[in-house]
Amino acid sequence: MTWRPLHSRNAIERVRLTVQFTEPVPAKISRQMAASIQKTQSETRMQGPTPVSTTSFNVMVDPSGAPQVAPQAALPPGWKFERFASNNVPVEACVFDGATFIYESSDYHRWSAMVQRVRKVAQDALQRASDALTFGLISLEYIDRFIFEGRATDAAIPGIFPGLENVLSSEAIEGRQLWHLHRGWYETSGEAILLVNQNMDAQDGQVLGREEPARSLQLTTRADLRSPHNSLEMAGWDSNLDLLHQTTDLHFKKVLSPHLHASVGISS
Amino acid sequence: MIGTLVAGLPYVLPMIFISSPGTSFAVRNPDSHEVAAPWLFEQLSEGTSDKTEPQAAHVQPEDGLSESFTSKTVVSAASSRQVGSQIAPWADQAIVSLRAQSPKHDGDLLDEAVETQTAALEDAVELISHLAIELPDVSRPMISIDEDGYVCLFWVDEDAMASMTSYGDATYSFFATDGVREIRSNEEPLGAPLPPKLMHLLASGIFEKRTLAA
């Protein structure tokens, strides 16, 4: 029994692009951002804007370790746009809460198409915001999933993520118990400093027609570029996105067993 | 230490799973739009993750290293349900069929079309993957490969028909009619959402629930 990717062409469950501003975006600019997305919605099929509200708190931990929570000034109201499948399931969304913009899609097929799509849907909105404010973070996150085709408790890890024998229990390695492994590090690429997070989560779920649960592994690979260590201006938007993509791609490929590379469309 | 907790933002799309043909993998399909922070990634079942941490909480540590994933939510099995209908069930099988079509130099296929067909087949696979997500209720299309190597997906139902043709250059064309109106395009980029008019026509139910032999 083997592991297989979620889809026939890749294992990508969702992809998410996050842009965080260094300070709350004024309501006027937020409205302009929404208007720029609205302007092309007959073509992009992004429906909205729908209001989004955000609750924000300050948490302080005093010397005794006791947490104190105090309300913070409310962020301006945000908005979201969504594209729906024919059964009204959202498959793509842009969400803005007044300080963070997120583009997310479960309809991912190739990187070049995603770059074009983000450009068409959101680049004008981000350009408007960046004319007045600075980005504090740009992040790209791939959420992949692999499913074990046999009994969940036979879902041995070496068949998908080799080399973890010394960092997990033997029961987890053999698939007899659920497990997770979350890790992160900084790395450099030229003058850029990237924060990489890579999380593996074993999860059990149901497959239609089968009574016992099936084991799946969710692999999340995320790369962040943050200011002030990196230049995050819109002028470098494309190259920053490419760097994030190359970084996540590299670490996805590194962790995945080579025998699964072909099944997700990457050459070893 | 001062951190910031933000609840209520951003967005997590409903989970969509597909398994081998005729089956679907679990597990979660919120009735309303799921809202979660970007660092919050959901658990589909009782897993091993950090259950004691607050939901949708974001505490930014000094080094930022673990900030992305410090928070978790755990969805109990009771809140899960099957979501198999969210992706067209025929898609994986159609892709397997397409990939079994190896270009041949003999027969009617011209030599120069072999390279085109190889690329067009892969483009058609991408097109099917996309259709399976955008149009989960539409029936399985018939598939043909012409002598130039182009791959055509098409549906026919009494007065209605629709076709989408991939050319191996990351574009496709389409023609569709419901017997009253016709829509067409000679060049659409692969990977982009379906054009609104085509989406509207294909989603209108004309081709639903009629499984045509591929």
Side-chain angles (χ1 to χ4, degrees), chain A residues 6-9 13-14 16 18 42 44-45 52-61 78 80 83 85-87 89-91 93 95 97 100 102 104 106-107 109-110 113 116-117 141 143 147 178-180 182 184 195 197 199 201-209 213-214 216 220 222 224 226, chain B residues 1-19 22-27 29 33 38 41 43-49 59 64-66 68-69 80 82 84-86 91-92 95-96 125-126 129-130 133-138 189-193 196 199 202-203:
Chain A
L6 179 63
H7 301 297
S8 295
R9 301 181 68 244
E13 195 169 85
R14 293 197 305 274
R16 183 184 293 144
T18 304
S42 64
T44 62
R45 291 185 27 225
V52 168
S53 59
T54 302
T55 310
S56 183
F57 303 94
N58 267 347
V59 176
M60 290 163 285
V61 180
K80 67 179 175 183
R83 175 168 63 90
S86 61
N87 59 353
V89 170
V91 294
V95 185
D97 75 339
T100 305
I102 290 175
E104 183 169 326
S106 61
D107 190 12
H109 302 284
R110 63 170 80 180
Q116 287 175 18
R117 180 66 178 167
E141 182 178 346
I143 299 159
I147 298 167
L178 289 172
W179 59 277
H180 79 255
H182 295 181
L195 169 60
N197 274 276
N199 293 358
D201 283 79
Q203 297 161 345
D204 286 345
Q206 291 301 127
V207 172
L208 283 175
S216 77
T220 302
R222 171 175 164 153
D224 294 6
R226 294 163 182 246
Chain B
M1 184 179 81
I2 296 177
T4 304
L5 283 174
V6 182
L9 214 218
Y11 194 91
V12 174
L13 293 170
M15 307 304 298
I16 297 173
F17 292 94
I18 188 164
S19 181
T23 66
S24 64
F25 188 80
V27 185
N29 179 27
H33 296 160
F41 67 86
Q43 295 296 296
L44 299 180
S45 60
E46 296 289 349
T48 60
S49 296
V59 181
L65 246 186
S66 55
S68 298
F69 296 108
S80 301
Q82 302 290 349
S85 62
Q86 291 192 344
D92 273 3
I95 288 171
V96 169
V125 166
E126 182 170 334
S129 303
H130 180 64
I133 292 173
E134 287 236 89
L135 295 159
D137 299 325
V138 80
L190 210 60
M199 176 75 183
L202 289 174

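Just so it is clear: chains get the letters A, B, ... in the order the sequence lines come, proteins before strands, and each one is counted from 1. Here the structure is a predicted model, which is why all the values come from computation and not from measurement.
- With a 4.5 angstrom heavy-atom cutoff, B:Ile95 touches chain A only via side-chain atoms.
- The line from CZ of A:Arg9 to NE2 of B:His130 is 11.5 Å long, rounded to the nearest 0.5 Å.
- Of all heavy-atom pairs spanning B:Leu190 and A:Ala113, the tightest one is O-CB, 4.0 Å.
- Taken to the nearest 0.5 Å, the OG atom of A:Ser86 stands 5.0 Å off from the CE atom of B:Met199.
- Between A:His109 and B:Ser129 there is a side-chain heavy-atom pair separated by less than 4.5 Å.
- Here the shortest heavy-atom pairing between B:Pro193 and A:Arg45 reads CB-NH1, 3.9 Å.
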